[in-house]
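Because the structure is predicted, anything quoted here is derived from the model rather than measured. One-based numbering, in listed order, for ligands and for the atoms of each.
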Amino acid sequence: MPHELPPPILISPEGSFAWDVFHRRHPVLIESLLAALPYGPEQVRALRALLDESLDGVITPLADDAPDAAQWHGPWDRGHYGKPWADTPFLWAESYFFRRILAATGYYGGSGSGSGWGSAEPAWAGVDPYQPMKDAELADPALEAAFAWYGALEGAEPERRFAALVEAAVLGNRADLVFQVTETVEGYAAVNPPLADDTGGIRSRLLAARGGTQVAGPRVAVICDNSGRELLADLLLADELLGPASLAAVVELHVKPAPYYISDATATDFGKALRRLRGMPAALGAAGQRLFAHAAAGRLRAQTHPFWCSPLSFHDLPADLRAGLDGRFLLVKGDLNYRRLVGDRWWDPTTPFADTVRHLGLPVAALRAAKSDVVVGLSRGQVERLDKTEPDWRLNGRHSLVQTA
Ligand SMILES: O=P(O)(O)OC[C@@]1(O)O[C@H](CO)[C@@H](O)[C@@H]1O
């Protein structure tokens, strides 16, 4: 049954999760950026000014000569410039905040004054401000032990392998570095059974999509989330999809075109993660080797599109990207992508998942650790129990969802 869209989540009121992200998480994030790279006075000033503006100012537009001004002043403009940040939809404002970090650090060249383009001080151009944090995560020598379970899957039944790899891809989503700015992740073992688990449904849909050929499944588009640990798990899942069970003919990894939300994966991160995997011992390294071969054969592809760094939900997919996704099975990773998939809105959590993704017109699965207010597809009983026993259950990253439609 079609549902009317519920109201969007705004940054206000004070005390909401979105307010907390801006007023508690972002100040820590800005200090971490200043500590991570030796920025000069221009960048320091611009980052601090951005923070001040976002806490109690009005939204300043990008300079007209910013390389993506046409998008931000065109199809992505929702009339928020010149208005208080606090009155703005959370999704739009948060995405714009991350774009403004790139302007402040001079990622697109420029002085860091907010324009981000065209000045004579281009030293930080192209430097990912989050690279030190991403590199530290990928260099962690504990990763081998953390993925040791993978070796034990050898010879396991295909269903069990698939379920274990989906679970790892979901638990990897607990690791995002935005969340860890202020929260602690106690580990990557499942702390609770998933609130919704349609892993079996995903596998049977992929098998069904092989149709008459019985040779290979559909093209799977993974809408990636975080680099590092999460991407390593996603790569192992991609290897499984491309493996002997042939659940996918091709896996497209849709990464971000620019640094975003600290740890979101870019093509650079894809390369680094795959190299890290290939360098691991035994079964993990072998998976890395296979994936390199799949990439060379065109069966594993990194793709990107400006829209993945836009402030909009998937209801606004541009025509060229929508056409490029046609015929794909979408695997949507992570919390932010979930917000964009169903809409960053005050959904009644008992709204059926299928109703919220119908707008896409594509088969889709969402794999996510819950870390924001948006959730759908639960039973009334579940919601009442969680509200009573664990008031922050939507936000604390201890609950996961595997949903498909
Ligand atoms: O998309 P991810 O990496 O799973 O999570 C992103 C996140 O940590 O950042 C946003 C709030 O800042 C929320 O969507 C969520 O809490």
**Q** Would you please say whether a donor-acceptor pair under 3.5 Å links the side chains of Thr266 and Asp269?
**A** yes

**Q** Heavy atoms only: which of Arg340, Arg174, Glu230, Lys371 lies closest to atom 16 (O) of ligand 1?
**A**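 Closest candidate by heavy-atom distance is Lys371.
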
**Q** Using distance alone, with no hydrogens and no angle criterion, decide if Asp387 and Trp393 have a side-chain donor and acceptor under 3.5 Å apart.
**A**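 Per modelled atom types, Asp387 and Trp393 side chains form a pair under 3.5 Å.
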
**Q** Give the atom numbers and elements of ligand 1 that come within less than 4.0 Å of a heavy atom of Gly334.
**A**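 Going through ligand 1 atom by atom, the ones under 4.0 Å from Gly334 are 4 (O).
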
**Q** Does the side chain of His23 pick up a donor-acceptor pair with the side chain of Glu14 at under 3.5 Å?
**A**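 Result is no, nothing qualifies.
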
**Q** Nearest protein heavy-atom contact for atom 1 (O) of ligand 1: which residue, which atom, what distance?
**A**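 It is Leu336 N, 2.7 Å.
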
**Q** Quick check, are the ring centers of Trp124 and Tyr39 under 6.0 angstrom apart?
**A** yes

**Q** Using 30° and 60° as the class limits, which term best fits the ring planes of His80 and Trp92: parallel, tilted or perpendicular?
**A**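 His80 and Trp92: perpendicular rings.
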
**Q** Is there a heavy atom of Phe17 sitting under 4.0 angstrom from any atom of ligand 1?
**A**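 So Phe17 counts as touching ligand 1.
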
**Q** Using a 4.0 Å heavy-atom threshold (strictly under), name the region of Glu94 that reaches ligand 1: side chain, backbone, both or neither.
**A**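 Just the side chain.
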
**Q** For ligand 1, is any non-hydrogen atom under 4.0 Å from Asp335's backbone (N, CA, C, O), its side chain (CB onward), both, or neither?
**A** both

**Q** Among Arg394, Arg368, Arg174, exactly one meets salt bridge (charged side-chain N to carboxylate O under 4.0 Å, His left out) together with Asp335. Which residue is that?
**A**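 Output: one option passes, namely Arg368.
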
**Q** For ligand 1, is any non-hydrogen atom under 4.0 Å from Asn226's backbone (N, CA, C, O), its side chain (CB onward), both, or neither?
**A**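 Answer for Asn226: side chain.
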
**Q** Please tell me whether Phe97 and Tyr261 form a close aromatic pair, meaning their ring centres lie under 6.0 Å apart.
**A** no

**Q** Examine the proximity of ligand 1 to Phe98 and report which part, side chain or backbone, both or neither, has a heavy atom under 4.0 Å away.
**A**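 Within the 4.0 Å criterion, Phe98 makes no contact with ligand 1.
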
**Q** Are Tyr260 and Ser95 linked by a side-chain donor-acceptor pair shorter than 3.5 Å?
**A** yes

**Q** Could an N or O of ligand 1 be found under 3.5 Å from any N or O of Asn337, whether backbone or side chain?
**A** no

**Q** Have a look at ligand 1 and work out which part of Asp225, if any, has a heavy atom under 4.0 Å from it: side chain, backbone, both or neither.
**A** side chain

**Q** I need the single residue from Arg278, Arg161, Arg290 that forms a salt bridge (charged side-chain N to carboxylate O under 4.0 Å, His left out) with Asp239. Which is it?
**A**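 Among Arg278, Arg161, Arg290, the one meeting salt bridge (charged side-chain N to carboxylate O under 4.0 Å, His left out) with Asp239 is Arg290.
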
**Q** As an exercise, identify every atom of ligand 1 less than 4.0 angstrom from a heavy atom of Arg339.
**A**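 That gives atoms 10 (C), 11 (C), 13 (C), 14 (O) of ligand 1.
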
**Q** So which protein heavy atom does atom 9 (O) of ligand 1 come closest to, and at what separation?
**A**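 Atom 9 (O) of ligand 1 sits closest to the protein heavy atom Val178 CG1, 3.7 Å.
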
**Q** Check each atom of ligand 1 against the heavy atoms of Arg25 and keep those under 4.0 Å away; list them by number with element.
**A**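 Once the distances to Arg25 are compared, the set is 8 (O), 9 (O), 11 (C), 12 (O), 16 (O).
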
